[in-house]
Amino acid sequence: LSWGFTSVRDMNAPGGVVIDLRDAIDAGHVVGPRVKACGLGLSITGGHMDAPGWGDQVILRDMTLPCDGPEAFQRGARSQIKRGADFIKINLCVSSRRDPTVPYRQEMTDAEIQSVMAEAQRLERNVAAHTSGGTAVKTAVRHGLKTVEHGHWIDAETADLMAQRGAYYVPTLLVNDAPDAARHVHEHEVFGPVATLLPYSGKADHVIAQVRPRFDQVLLDTGAGISDVVLFTVSLADEVLVVATPEPTSLTDAYATIKVL
């Protein structure tokens with residue numbers, strides 16, 4: 001609240017801790033913003049939210065919720081709703097671990113996507129998805145996906161579909177377009193050296209070109225996409241300017257505008 005954030009949305013927290021924090025805030029025991037929490041994010045085993053690299057003797061419980069198969073994703077949605085989740089978080093696709101130049105590959109199967117979407121809707125919850133691009137995003141939007149997170153390689157067809165279905169777009173541009181932040185994040189990744197990953201930055205122009213013509217249809221949010229790095233304090237303002245200005249802009253122009261404001 002001291003930084004001006006009156007509402008926040010949590011996209012994964014170990015052990016349901018943010019759900020408990022939300023309840024404590026709502027009950028007046030803790031002072032804080034309005035919180036929407038998903039509990040544990042659902043991911044395939046070894047997927048984006050279930051990263052490998054731990055020793056065989058290491059057991060990490062309730063950090064995320066690995067699921068395999070349509071029934072497992074259905075159970076995963078039910079378990080998080082039982083825990084008190086406001087919405088369900090899934091992980092559709094991610095960049096290749098073998099080839100850093102491949103921007104996206106599908107992780108969840110179409111059957112898994114359809115299963116979790118149907119169960120969440122039946123239990124009156126929206127679904128948010130970590131995305132990169134490709135057909136998995138279209139499949140999820142067709143089945144009712146409410147928020148497309150990141151989506152740095154969505155195409156015009158996907159943007160049109162989002163507009164038709166009333167999906168929200170959460171671009172999180174600054175995670176990849178602020179070089180210092182990107183460098184800090186990628187130094188902690190296991191997928192390859194920083195030099196091979198930094199070319200992923202600079203995607204803002206592509207995303208804006210797809211979304212801006214549909215700006216009055218595709219609803220936009222400004223999620224910071226912060227994982228293990230805290231971006232400098234003007235980051236969210238930068239993102240608003242990058243996405244919402246009427247002409248294509250750059251982060252440099254955004255910073256200049258912020259200084260004027």
Side-chain angles (χ1 to χ4, degrees), residues 1-27 29-43 48-49 62-65 76-77 79-94 116-117 119-121 123-132 137 140-141 144-152 154 162 165-178 181 185 207 211 218-244:
L1 289 175
S2 63
W3 287 85
F5 295 95
T6 59
S7 297
V8 297
R9 184 179 60 141
D10 182 70
M11 300 297 284
N12 181 77
V17 63
V18 176
I19 291 176
D20 294 336
L21 176 60
R22 176 204 65 196
D23 293 345
I25 292 172
D26 291 346
H29 301 312
V30 178
V31 176
R34 291 180 292 272
V35 175
K36 294 294 183 182
C38 72
L40 300 177
L42 312 187
S43 172
H48 176 67
M49 293 187 71
D62 294 335
M63 299 297 287
T64 61
L65 185 53
S79 71
Q80 295 314 295
I81 292 171
K82 175 184 177 180
R83 185 65 175 84
D86 295 303
F87 63 98
I88 298 299
K89 162 75 177 298
I90 61 176
N91 293 269
L92 293 176
C93 45
V94 71
V116 71
M117 297 299 304
E119 191 63 19
Q121 291 168 19
L123 297 177
E124 301 178 324
R125 296 296 193 280
N126 291 326
V127 178
H130 171 97
T131 70
S132 301
V137 184
V141 172
L145 181 66
K146 197 63 175 178
T147 67
V148 175
E149 316 291 325
H150 313 307
H152 294 150
I154 61 172
M162 290 166 61
R165 301 300 176 93
Y168 287 75
Y169 182 47
V170 187
T172 65
L173 299 173
L174 290 161
V175 172
N176 297 295
D177 284 297
V185 171
V207 178
V211 174
V218 178
L219 304 174
L220 294 167
D221 194 1
T222 54
I226 299 172
S227 176
D228 56 357
V229 58
V230 178
L231 303 182
F232 27 86
T233 58
V234 294
S235 292
L236 288 179
D238 291 347
E239 184 139 335
V240 171
L241 287 169
V242 168
V243 175

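Residue indices begin at 1 and follow the sequence shown.
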Next on the checklist: Walk me through whether K146 and V141 qualify under side chain to side chain contact (heavy atoms under 4.5 Å, CB included).
Outcome noted: CA-CA 7 Å; K146 197 63 175 178; V141 172; over 6 Å; no
Next on the checklist: Let's go through K89 and L42 carefully: what are the C-alpha distance in whole Å and the side-chain angles of both, what is the deciding distance for side chain to side chain contact (heavy atoms under 4.5 Å, CB included) to 0.1 Å, and is it a yes or a no?
Outcome noted: CA-CA 6 Å; K89 162 75 177 298; L42 312 187; over 6 Å; no
Next on the checklist: I'd like to know whether Q80 forms a side chain to side chain contact (heavy atoms under 4.5 Å, CB included) with F87, so could you lay out the CA-CA distance, the side-chain angles of the two residues, the decisive distance to 0.1 Å, and finally the verdict.
Outcome noted: CA-CA 9 Å; Q80 295 314 295; F87 63 98; over 6 Å; no
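Here CG of N126 is found 10.0 Å from CD1 of I88. Values are rounded to the nearest 0.5 Å. A distance of 9.5 Å separates CG in N12 from OG in S43, rounded to the nearest 0.5 Å.
Side-chain contact check for H150 versus V170: every heavy-atom pair is 4.5 Å or farther apart. The side-chain heavy atoms of M162 and V148, taken from C-beta on, include a pair separated by under 4.5 Å.
Residue I90 forms a side-chain contact (heavy atoms from CB on, under 4.5 Å) with just one option from L65, T131, V127, and that option is V127.
Residues C93 and V137 approach most closely at SG-CG2, 4.2 Å, considering heavy atoms. Contact between A129 and L145 at its shortest, heavy atoms only, is CB-CD1, 3.6 Å. The two residues P171 and H152 have their closest heavy-atom pair at O-NE2, 2.8 Å.
Take D62 and apply the salt bridge (Lys or Arg N to Asp or Glu O under 4.0 Å) test, not counting sequence neighbours, and it matches no residue. Shown here are the side-chain hydrogen bond (donor to acceptor under 3.5 Å, both in side chains) partners of T147, two or more places apart in sequence or in another chain: R9, E149. For D23, there are no side-chain hydrogen bond (donor to acceptor under 3.5 Å, both in side chains) partners at least two apart in sequence or on another chain. By the side-chain hydrogen bond (donor to acceptor under 3.5 Å, both in side chains) test, D86 pairs with R22, sequence neighbours left out. When the side-chain hydrogen bond (donor to acceptor under 3.5 Å, both in side chains) test is applied to R125, no partner is found at least two apart in sequence or on another chain.
Side-chain atoms of T64 come within 3.5 Å of backbone N or O of M49 as a donor-acceptor pair.
Aromatic ring pairs are classed by plane angle as parallel below 30°, tilted from 30° to 60° and perpendicular above 60°; the pair H130 and H48 is parallel.
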Show me the donor-acceptor pairs, under 3.5 Å and distance only, between side chains in residues 33-41 and residues at least two apart or in other chains.
from: R34; atom 1: NE; to: S7; atom 2: OG; distance (Å): 3.0
from: R34; atom 1: NH2; to: S7; atom 2: OG; distance (Å): 3.1

